[in-house]
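To start, the structure under review is shown below, and the notes come after it.
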Amino acid sequence: MSEQKLFLDSARSDVPETGTGTRSRLGLIVTGLVGVSVVALYAVAAPFVAPALRKICLPFVPATTAQVDNVFAVLRARTGTLVDIGSGDGRIVIAAAKHGFQASGFELNPWLVWYSRYKAWREGVRCSTSFHISDLWKVSFAQYSNIVIFGVPQMMDQLELKLAKELPSTAKVVACRFPFPTWVPEHTAGEGIDTVWVYDAKAFKSQL
């Protein structure tokens, strides 16, 4: 092989392969963007999906206007503290504050809790509301005199036992969408999916 040919081959090997390098960098950028997108999607979706993986799922289904109206129709003579168990986007808690209650909400989904806090600030009731990221089974409701729950049938029997042990005898419990299985309601309001059932703690605590 001539010296000239060796020189040309060496010179060609020193020239960077521009096309290959560009494709490689583009591939890394695309891979990075996909990775960031997956992490972001997981961060947003996980709080909504995680409750469905629990033994008892309490899904987020916003209360209708009629349900909210029925809740406060049956509580119109009540005052004091109120808690919404599974407070979702905070509409019951915010409405309670506007009706004069010192209201709290407990919700597992952090996005909904942060949104609820923003809504309470926007509606001018931040000082009368509080929202907590918490599992309802790990919270004591002994301090509340009015309890609102949008439950599912699978949890109502266990919640009966928990509330009967914790609540003061002066408390009222309002169940929305589904009644408690063994408690006898004091009265009801609304119809169909908007029905609410009202329970007096004196009655169900006497069954313990």
Residue list, side-chain hydrogen bond (donor to acceptor under 3.5 Å, both in side chains) with Gln143, at least two apart or on another chain: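 In terms of side-chain hydrogen bond (donor to acceptor under 3.5 Å, both in side chains), with neighbours along the sequence ignored, Gln143 is linked to no residue.
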
Sequence-distant partners of Ser130, side-chain hydrogen bond (donor to acceptor under 3.5 Å, both in side chains), two or more places apart: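 Ser130 satisfies side-chain hydrogen bond (donor to acceptor under 3.5 Å, both in side chains) with Ser104, His132 once adjacent residues are dropped.
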
What's the shortest heavy-atom distance between [X] and [Y], and which atoms?
X      : Y      : result
Ala96  : Ala103 : CB-CB, 3.7 Å
Glu107 : Gly86  : OE1-C, 3.6 Å
Gly80  : Asn146 : C-ND2, 4.5 Å
Val68  : Ala63  : CG2-CB, 4.0 Å
Phe141 : Leu163 : CD1-CD2, 4.0 Å
Gly88  : Leu112 : O-CB, 3.3 Å

ILVMFWY cluster membership beyond Trp121 - transitive side-chain contacts under 4.5 angstrom: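 Besides Trp121, the cluster holds Tyr115, Tyr118.
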
Taking side chain to side chain contact (heavy atoms under 4.5 Å, CB included) as the definition, give me every residue that meets it alongside [X], ordered by chain and number, with sequence neighbours left out.
X      : value
Thr129 : Val93, Ala97, Ala120, Val125, Phe131
Thr64  : Ala66, Gln67, Asp194
Ala201 : Ala171, Phe204, Lys205
Thr79  : none

If we ignore hydrogens and angles and just use 3.5 Å, is the side chain of [X] paired with the main-chain N or O of [Y] as donor and acceptor?
X      : Y      : answer
Gln102 : Thr81  : no
Arg78  : Ser145 : yes
Arg76  : Ala73  : yes

Student check: side-chain heavy atoms of Val83 and Val139 closer than 4.5 Å: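 Of all side-chain heavy-atom pairs linking Val139 with Val83, none is under 4.5 Å.
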
Look up atom [atom1] in [X] and atom [atom2] in [Y], then write down how far apart they are to the nearest 0.5 Å.
X      : Y      : atom1 : atom2 : answer
Lys138 : Phe106 : NZ    : CZ    : 13.5 Å
Ile147 : Asp84  : CD1   : CG    : 11.0 Å
Leu159 : Gln154 : CG    : CD    : 13.0 Å
Ile94  : Ser128 : CD1   : OG    : 11.5 Å
Thr170 : Lys202 : OG1   : NZ    : 7.0 Å
Arg177 : Ile149 : CZ    : CD1   : 10.0 Å

All pairs passing salt bridge (charged side-chain N to carboxylate O under 4.0 Å, His left out) where residues 140-168 contributes a residue, at least two apart: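 Pairs touching residues 140-168 that pass the test: Lys162-Glu166.
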
Where at least one partner belongs to residues 91-106, residue pairs that pass salt bridge (charged side-chain N to carboxylate O under 4.0 Å, His left out), sequence neighbours excluded: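 As it turns out, the salt bridge (charged side-chain N to carboxylate O under 4.0 Å, His left out) pairs with a partner in residues 91-106, which skip direct neighbours, are Asp89-Arg91, Lys98-Glu123.
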
Phe178: partners by ring pair (Phe, Tyr, Trp, His ring centres under 6.0 Å), with sequence neighbours left out: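 By the ring pair (Phe, Tyr, Trp, His ring centres under 6.0 Å) rule, Phe178 matches no residue at all.
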
Which residues share a ring pair (Phe, Tyr, Trp, His ring centres under 6.0 Å) with Phe180, sequence neighbours left out: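 Expected list: Trp183, Tyr199.
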
ILVMFWY cluster, Val184 and Val198 together (side-chain gap under 4.5 Å):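 Hydrophobic grouping puts Val184 apart from Val198.
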
Joint hydrophobic cluster, Leu167 plus Trp137, side-chain heavy atoms closer than 4.5 Å: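 Yes; Trp137 is reachable from Leu167 via cluster members.
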
Arg117 atom CZ, over 12 foreign heavy atoms within 6.0 Å: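 For Arg117, atom CZ is crowded (more than 12 foreign heavy atoms under 6.0 Å).
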
Qualifying ring pair (Phe, Tyr, Trp, His ring centres under 6.0 Å) pairs, either residue in residues 70-93, two or more places apart: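 Non-adjacent pairs meeting ring pair (Phe, Tyr, Trp, His ring centres under 6.0 Å): Phe72-His99.
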
